[in-house]
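By convention in this document, chain letters (A, B, ...) are assigned in the order of the sequence lines, proteins followed by strands, and residues within each chain are numbered from 1.
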2 protein chains.
Amino acid sequence: MSTSPNSQLLKGSLSVMILRLLEGRERMYGYEITQKVKELTAGEMTITEGALYPALHKLEAEGLLTTETQVVDGRARKYYSLTKIGQTEAAGRIAELTAFLDNLNLVLNLKPSL
Amino acid sequence: MSTSPNSQLLKGSLSVMILRLLEGRERMYGYEITQKVKELTAGEMTITEGALYPALHKLEAEGLLTTETQVVDGRARKYYSLTKIGQTEAAGRIAELTAFLDNLNLVLNLKPSL
DNA sequence: TTTAATACCTAAGACTTCTAGGTATATCCG
DNA sequence: CGGATATACCTAGAAGTCTTAGGTATTAAA
């Protein structure tokens, strides 16, 4: 057997969503991300916090995000924004996911007659 | 916290691809599936056997696929086809994945200005 | 005053996939 | 003839992501 250097079948879409959302903004905090995704998908997609926070921490550990904490209305918010490296990586990972989705569609969209 | 009945963020696309490929055909065998996916995606997507066979076995255990083994050119092939339940389930899972991909696009396609 | 919304977090388990093997036969090429 | 490649199946272990299911704390609404 061989199976060459592989692009994973379905890699985490969550981290790419995060990067994509941050591409368009100065900064966002975790809870805001969950609400934004809900809003964009008319409530159909829910980001669980158990997935979100570890994902954010990992992206930060990888150096793609930086944080600044700020207290608003007596509650602490942790704002995340893309680092320089994060901006580059974001573009790359979005392109990768897009390419994967294109291929997925090639497989899924085939007609029954083929 | 609450987080309602959730559609998983990252669902396995492989099993849905398998079901989709079988929707359009009488039957297929494992190796054939790997080749078909390669062909459909111009070599860009590779199904690893370490993922494929366990996925096939699981779908069979779930009652969505049945098998018939046949020897061709001295080599054993295990053909998989959709059961009646499999046909119903296939439609459902494909719709689910499609809905998920639509939502994913809503999040990914947002313009930087939004 | 209790519930819901806001806002953060973690641990345990489930699940999928990858890596990396293993077995075996047939065919192609030198 | 012999070795490599293609065909064809399989599994075990590790990696990684997400869900479930908690926890803490403040503010606003009922």
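At the phosphate of D:dA8, OP1 or OP2 sits under 4.0 Å from a side-chain N or O atom of B:Tyr29. Distances shorter than 4.0 Å separate some side-chain N or O of A:Thr48 from OP1 or OP2 on D:dT19. Dashed line: the shortest gap from a side-chain N or O of A:Tyr31 to OP1 or OP2 of C:dT6 is under 4.0 Å. B:His57 has no side-chain polar atom (N or O) that falls below the 4.0 Å cut-off from OP1 or OP2 of D:dC9.
Protein atom CG of B:Leu52 is 14 Å distant from nucleotide atom P of C:dT16, rounded to whole Å. Distance, B:Gln35 CD to D:dT5 P: 16 Å, rounded to whole Å. To the nearest angstrom, P of D:dC18 lies 13 Å from CD1 of A:Ile33. The distance from atom CD1 of B:Ile47 to atom C1' of D:dT7 is 17 Å, rounded to the nearest whole Å. We find that CD of A:Glu60 is positioned 14 Å from C1' of C:dC9, with the value rounded to whole Å. Remark: P of D:dT19 and CE of A:Met45 are 10 Å apart, rounded to the nearest angstrom. Per the geometry, CG belonging to B:Leu59 stands 14 Å off C1' belonging to C:dT17, to the nearest Å. For B:Glu49 and C:dT16, the CD to C1' distance is 17 Å, given to the nearest whole Å.
Taking every side-chain heavy atom of B:Ala51 into account, C:dT17 is the closest of C:dT17, D:dA8, D:dC18. Nearest nucleotide to the side chain of B:Leu14, out of C:dT17, C:dT10, C:dT6: C:dT17.
Residues A:Lys58 and B:Tyr53 each lie close to DNA chain D; by heavy-atom proximity, the contact nearer the 5' end of the strand is made by B:Tyr53.
B:Glu96 has no carboxylate O lying under 4.0 Å from a charged side-chain N of B:Arg93, or vice versa, which leaves the two without a salt bridge. Between A:Glu44 and A:Lys38, no side-chain nitrogen of the basic residue sits less than 4.0 Å from a carboxylate oxygen of the acidic one, so the salt-bridge criterion is not met.
At least one donor-acceptor pair under 3.5 Å links the side chain of B:Thr83 to the backbone N or O of B:Gly63. Side-chain atoms of A:Thr69 never come within 3.5 Å of backbone atoms of A:Lys78 as a donor-acceptor pair (strictly under, hydrogens ignored). The backbone N or O of A:Tyr80 lies less than 3.5 Å from no partner atom in the side chain of A:Thr67, so there is not a single donor-acceptor pair.
Annotation: side chain to side chain contact (heavy atoms under 4.5 Å, CB included) contacts of B:Lys58 (sequence neighbours excluded): B:Glu62. Remark: A:Tyr79 engages A:Tyr29 in a ring pair (Phe, Tyr, Trp, His ring centres under 6.0 Å) (not counting sequence neighbours).
Taken residue by residue, residues 68-81 of chain B places heavy atoms nearer than 4.0 Å to DNA chain C at B:Asp73, B:Gly74, B:Arg75.
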